[in-house]
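Lettering of chains follows the sequences in order, A, B, ..., and the numbering in each one begins at 1.
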Number of protein chains: 2
Amino acid sequence: MRSTKARRDILDLFHNEDVPLSADYVYELLNGEYDRSTIYRNLKNFENNGKLRSIVFSDKITYFYKGSEHFHFIYCVKCKKFERFDLCYSESISKYITENLGYKVLGHTLYFEGICKNCQEEMKK
Amino acid sequence: MRSTKARRDILDLFHNEDVPLSADYVYELLNGEYDRSTIYRNLKNFENNGKLRSIVFSDKITYFYKGSEHFHFIYCVKCKKFERFDLCYSESISKYITENLGYKVLGHTLYFEGICKNCQEEMKK
DNA sequence: TTGCTTTTGCAAATGGTTTGCAAATATTAT
DNA sequence: ATAATATTTGCAAACCATTTGCAAAAGCAA
């Protein structure tokens with residue numbers, strides 16, 4: 001895979017980013033400097049070589065995040081923002097699935113949806 | 001909400017079904033007797049009144065399942081079938097999110113992906 | 001059955017994502 | 001550096017699950 005300006009710019013966005021980004025949001029963060037197809041293609045490339053991971057929420061949009069760590073998200077259905085949390089019981093569930101159902105587990109997806117603190121305050125007004 | 005043949009036929013499919021069904025599969029199971037828009041509209045109706053729940057997998061297709069119970073799924077990426085499992089630690093995670101992040105939790109999605117026993121055998125051949 | 005409301009089928013629209021292709025850019029050998 | 005080769009980009013069109021507008025059909029109460 002060659003190093004191009006588009007790829008460097010896209011990947012840079014994720015370095016200090018803790019929450020998942022959609023292709024469209026990446027496009028906007030880069031001020032439309034690259035075509036959407038370029039963004040989509042490269043996000044997928046990064047996912048294939050492990051630099052990014054992706055998750056699909058109930059809105060059916062793919063969100064990407066750094067592939068180096070393992071964590072999960074809670075999504076506020078009002079303000080549409082994510083927050084990260086690290087608690088995860090996947091290992092014990094994986095064990096259960098492997099031992100009792102015989103699967104070879106490849107991965108899992110876990111996310112919560114709710115209303116964040118700020119939005120709860122907003123709604124009281 | 002009125003009782004129509006379409007609604008009765010659609011809902012009947014879920015009574016003895018343990019795994020999630022897509023709108024398209026519902027359409028096929030009913031031999032194309034109803035228009036896809038009818039299927040889509042009614043699945044969404046059922047979800048709104050609690051008769052069904054839905055989950056979106058990484059394929060971005062909405063799958064519906066009986067709303068009466070709470071359970072999760074493991075999906076075989078080879079044979080594309082689901083299997084249900086009931087183990088879930090969502091309550092302790094919910095508690096964590098509520099107490100530490102201040103969210104009001106509305107729901108969660110948890111699924112695993114892997115390769116089922118049969119497909120593992122197949123792959124050995 | 002009448003009259004009113006909801007539901008259905010059809011066709012067209014939607015929207016995120018993908019793809020074909022020619023032009024532009026990165027890499028490699030000269 | 002330069003030319004030769006392979007990859008990547010931008011553009012426009014295609015995809016595909018899902019949604020929507022609208023007129024005809026079906027459910028339901030009186």
Side-chain angles (χ1 to χ4, degrees), chain A residues 1-14 19-65 73 75 77 80-82 109 111 113, chain B residues 1-14 19-65 73 75 77 80-82 109 111 113:
Chain A
M1 191 150 109
R2 293 183 178 175
S3 165
T4 67
K5 185 157 182 305
R7 285 182 180 153
R8 272 172 264 126
D9 288 352
I10 292 171
L11 208 52
D12 276 351
L13 293 179
F14 290 91
V19 296
L21 307 178
S22 66
D24 198 63
Y25 192 48
V26 166
Y27 175 82
E28 280 174 23
L29 286 174
L30 297 175
N31 302 305
E33 193 173 341
Y34 306 101
D35 191 82
R36 283 200 164 76
S37 65
T38 300
I39 309 276
Y40 278 106
R41 272 190 282 237
N42 283 325
L43 288 172
K44 191 168 270 191
N45 287 340
F46 289 136
E47 186 175 12
N48 288 338
N49 68 23
K51 289 201 168 62
L52 297 179
R53 291 180 200 272
S54 74
I55 184 170
V56 175
F57 288 87
S58 52
D59 58 10
K60 295 192 181 176
I61 292 171
T62 304
Y63 294 83
F64 295 85
Y65 59 97
F73 308 97
Y75 177 70
V77 298
K80 317 231 180 266
K81 292 208 190 90
F82 300 103
T109 292
Y111 66 85
E113 291 184 331
Chain B
M1 193 154 106
R2 293 184 179 171
S3 166
T4 68
K5 186 159 181 302
R7 287 181 179 152
R8 272 173 264 127
D9 287 353
I10 292 172
L11 207 53
D12 277 350
L13 292 178
F14 291 90
V19 297
L21 307 177
S22 67
D24 198 62
Y25 192 47
V26 165
Y27 175 82
E28 279 173 25
L29 286 174
L30 297 175
N31 302 306
E33 193 173 341
Y34 306 101
D35 190 83
R36 282 197 164 78
S37 65
T38 300
I39 308 276
Y40 278 105
R41 272 190 282 237
N42 283 324
L43 288 173
K44 190 168 270 190
N45 286 339
F46 288 137
E47 186 176 13
N48 287 338
N49 68 24
K51 290 201 167 63
L52 297 178
R53 289 179 201 272
S54 75
I55 184 170
V56 175
F57 288 87
S58 52
D59 59 9
K60 296 194 180 174
I61 292 170
T62 304
Y63 293 83
F64 294 85
Y65 58 98
F73 307 98
Y75 177 70
V77 298
K80 316 231 179 268
K81 291 209 190 93
F82 300 103
T109 292
Y111 66 85
E113 292 184 330

Separation of I61(A) atom CD1 from dT17(C) atom P, in whole Å? 6 Å
What residues form a side chain to side chain donor-acceptor pair (under 3.5 Å) with K60(B), not counting sequence neighbours? T62(A)
Here the residues of residues 30-41 of chain A within 4.0 Å heavy-atom distance, strictly under, of DNA chain D are E33(A), Y34(A), D35(A), S37(A), T38(A), R41(A)
Does the plane of the ring in F57(B) sit parallel, tilted or perpendicular to the ring in Y63(B)? Use 30° and 60° as the thresholds. perpendicular
Once you measure the plane-to-plane angle for F73(A) and F82(A), does it fall in the parallel (<30°), tilted (30-60°) or perpendicular (>60°) bin? perpendicular
Please tell me if N45(B) has a side-chain N or O lying less than 4.0 Å from either OP1 or OP2 of dT6(C). no
Whole-Å gap separating C1' (dT14(C)) and CG (D24(A)): 14 Å
Separation of dT14(C) atom P from K60(A) atom NZ, nearest Å, is 18 Å
With a strict under 4.0 Å distance from non-hydrogen atoms of chain A, what nucleotide opens and what nucleotide closes the contacted stretch of DNA chain D, reading 5' to 3'? dA6(D) to dT18(D)
Closest heavy-atom contact between F46(B) and R7(B)? CZ-O, 3.6 Å
Would you mind reading off the distance between F46(B) atom CZ and dT7(C) atom P, rounded to a whole angstrom? 10 Å
Using a cut-off of 4.0 Å between protein heavy atoms and nucleotide atoms, how would you tag nucleotides 22-30 of chain C 5' to 3' with B, S and -? ----BS---
Bending between helix ends of the helix from dT1(C)-dA30(D) to dT30(C)-dA1(D) [5 pairs per end, 10° resolution]: 40°
Taking only distance into account, with no hydrogens and no angle test, what donor-acceptor pairs under 3.5 Å do side-chain atoms of residues 24-31 of chain B form with protein atoms, sequence neighbours excluded?
| from | atom 1 | to | atom 2 | distance (Å) |
| --- | --- | --- | --- | --- |
| D24(B) | OD1 | R36(B) | NE | 3.1 |
| D24(B) | OD1 | R36(B) | NH2 | 2.8 |

